[in-house]
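All remarks here apply to the structure that follows.
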Amino acid sequence: MGSAGSNLRTAPQTEVARFFAGNLSVQLQGSYRDHAVRHGFGALQAARYLAVATLAGADGAIAAWDAKLHYGFWRPVTAIRLADTDGNAATVADPTRTPLLATPPFPDYLSGHTTVIGSVTRALRSLEGSSRVDLSIESSVTGTVRHYPDAATLNREGVDARVWAGIHFRTADTEGTRVGTAVGAWVAARGMC
């Protein structure tokens with residue numbers, strides 16, 4: 001699914017993978033401002049919304065990078081290209097495998113994108129008192145806007161995007177969402193929401 005030349009990944013899946021290829025912080029900050037405007041937030045309500053979302057996202061990023069540097073787990077491109085060196089006779093190396101997106105130069109586990117998305121969606125769910133997040137996110141890579149009515153949809157698409165892009169193992173993404181959700185709950189429990 002994540003290979004550049006995959007015939008299994010559909011055109012919509014490729015678009016989702018590319019959609020999340022930009023700077024996630026920029027994408028999310030724009031969606032927070034858009035949300036506050038569309039919902040008619042006053043200055044205090046907007047400030048609180050932006051503070052909670054930004055703090056949760058920053059804490060999620062810290063958790064992801066702490067895990068990346070602790071575990072140092074290899075990326076799919078390396079694992080696939082060197083599969084004949086992994087001690088498992090059932091795996092076959094593909095030294096020419098290239099992912100859809102360029103592989104970032106740091107470890108796979110935890111996925112930074114999904115940890116941040118998980119922490120933000122969980123904190124916003126607490127702040128809003130609902131599973132709805134109502135975020136319209138813009139991508140400078142694809143030039144499109146995608147709307148996410150609820151946290152589950154955004155979390156699921158964030159996980160799938162990184163796998164379809166070929167830059168993460170699904171475990172790094174699903175665990176990122178799980179850890180991010182716990183981080184967002186921690187932020188909420190500390191009186192931020």
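Owing to the predicted nature of the structure, the values given are computational and were not obtained by experimental measurement.
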With the side chain counted from C-beta on, respond yes when H35 and E128 share a heavy-atom pair under 4.5 Å apart, and no when they do not. yes
For residues L55 and V183: do they belong to one hydrophobic cluster (side chain heavy atoms under 4.5 Å, members Ile, Leu, Val, Met, Phe, Trp, Tyr)? no
Can you measure from CZ (R122) to OG (S131) and round to the nearest 0.5 angstrom? 11.5 Å
With rounding to the nearest 0.5 Å, note down the distance linking CZ in R170 to OG1 in T114. 10.5 Å
Can you check side-chain contact (heavy atoms from CB on, under 4.5 Å) on R75 and I167, steps first, answer last? CA-CA 6 Å; R75 293 277 185 164; I167 60 173; 4.0 Å; yes
Minimal non-hydrogen separation, L100 against A17, with atom names: CD2-CB, 3.7 Å
Which residues pass the salt bridge (charged side-chain N to carboxylate O under 4.0 Å, His left out) test with R9, not counting sequence neighbours? none
Would a 4.5 Å heavy-atom cut-off, applied to side chains only, mark E138 and D34 as touching? no
Answer yes if V159 and M1 sit in the same cluster of Ile, Leu, Val, Met, Phe, Trp and Tyr residues linked by side chain heavy atoms under 4.5 Å apart, and no otherwise. no
How about I137 and L154: do any of their side-chain heavy atoms sit closer than 4.5 Å? yes
Are H147 and T153 side-chain neighbours, meaning at least one heavy-atom pair lies under 4.5 Å? no
State, yes or no, whether a side-chain contact exists between W74 and D86 at a heavy-atom distance under 4.5 Å. yes
Taking all non-hydrogen atoms of both residues into account, name the closest pair between A63 and V179 and its distance. CB-CG1, 4.2 Å
Under 4.5 Å between any side-chain heavy atoms of L24 and I117, yes or no? yes
Salt bridge present between R125 and D150 (N-O < 4.0 angstrom): no
Quick one: are F169 and V163 in side-chain contact, heavy atoms under 4.5 Å? no
Using side-chain heavy atoms (C-beta onward) and a distance below 4.5 Å, is L110 in contact with K68? no
Mind checking the OG1-CD spacing from T142 to E15? Nearest 0.5 Å is all I need. 4.5 Å
Flag, side chain of E175 to backbone of A172, donor-acceptor distance under 3.5 Å: no
Cation-pi check, R146 to F19: give yes when NZ or CZ is under 6.0 Å from the six-membered ring centre and within 45° of the ring axis, no otherwise. yes
What are the two closest non-hydrogen atoms of A151 and T121, and how far apart are they? CB-CB, 3.6 Å
Determine which pairs satisfy ring-ring contact (aromatic ring centres under 6.0 Å, His included) with at least one residue from residues 80-127, sequence neighbours left out, and list them in order. W65-F106, Y71-Y109
For residues F20 and A161, report the shortest heavy-atom separation together with the two atoms involved. CD1-CB, 3.6 Å
Taking every non-hydrogen atom, the tightest pair across G166 and P99: O-CB, 3.4 Å
L124 and L135: side-chain contact (heavy atoms from CB on, under 4.5 Å), yes or no, with the steps? CA-CA 10 Å; L124 292 180; L135 292 175; 4.2 Å; yes
What distance separates D134 CG from R38 CZ, expressed to the nearest 0.5 Å? 4.0 Å
Could you tell me whether H39 and Y49 have their ring centroids closer than 6.0 angstrom? no
Apply the side-chain contact (heavy atoms from CB on, under 4.5 Å) test between W164 and each candidate in T14, T10, V16; give the one that qualifies. V16
Using modelled atom types only, decide if a donor and an acceptor are shared between the side chain of S119 and the backbone of T115 within a distance under 3.5 Å. yes
Where is the tightest heavy-atom contact between A21 and L101, given as atom of each residue plus distance? CB-CD1, 3.6 Å
Check whether V120 and F41 end up in the same hydrophobic cluster, where Ile, Leu, Val, Met, Phe, Trp and Tyr are linked by side-chain heavy atoms less than 4.5 Å apart. yes
Can a donor-acceptor pair be found, under 3.5 Å and without considering hydrogens, that links the side chain of R81 to the backbone of R97? yes
Please round to the nearest 0.5 Å and tell me the distance separating atom CG of N155 and atom CG of D173. 11.0 Å
With a 3.5 Å distance limit and no angle check, can you tell me whether S6 reaches the backbone of S3 through a side-chain donor-acceptor pair? no
Check whether T54 reaches the backbone of A51 with its side chain - one donor and one acceptor, N or O, closer than 3.5 Å. no
Keeping the roles fixed (side chain from H168, backbone from D108), state whether a donor-acceptor pair exists under 3.5 Å. yes
State plainly whether one hydrophobic cluster holds both L127 and W186, where clusters connect Ile, Leu, Val, Met, Phe, Trp and Tyr through side-chain heavy atoms under 4.5 angstrom apart. yes
Got a sec: does the CG of L8 have more than 12 other heavy atoms crowding it under 6.0 Å? yes
Hydrophobic cluster membership, V141 vs L28, 4.5 Å side-chain cutoff: no
What I want to check is whether the side chains of T174 and R178 have a donor and an acceptor closer together than 3.5 Å. no
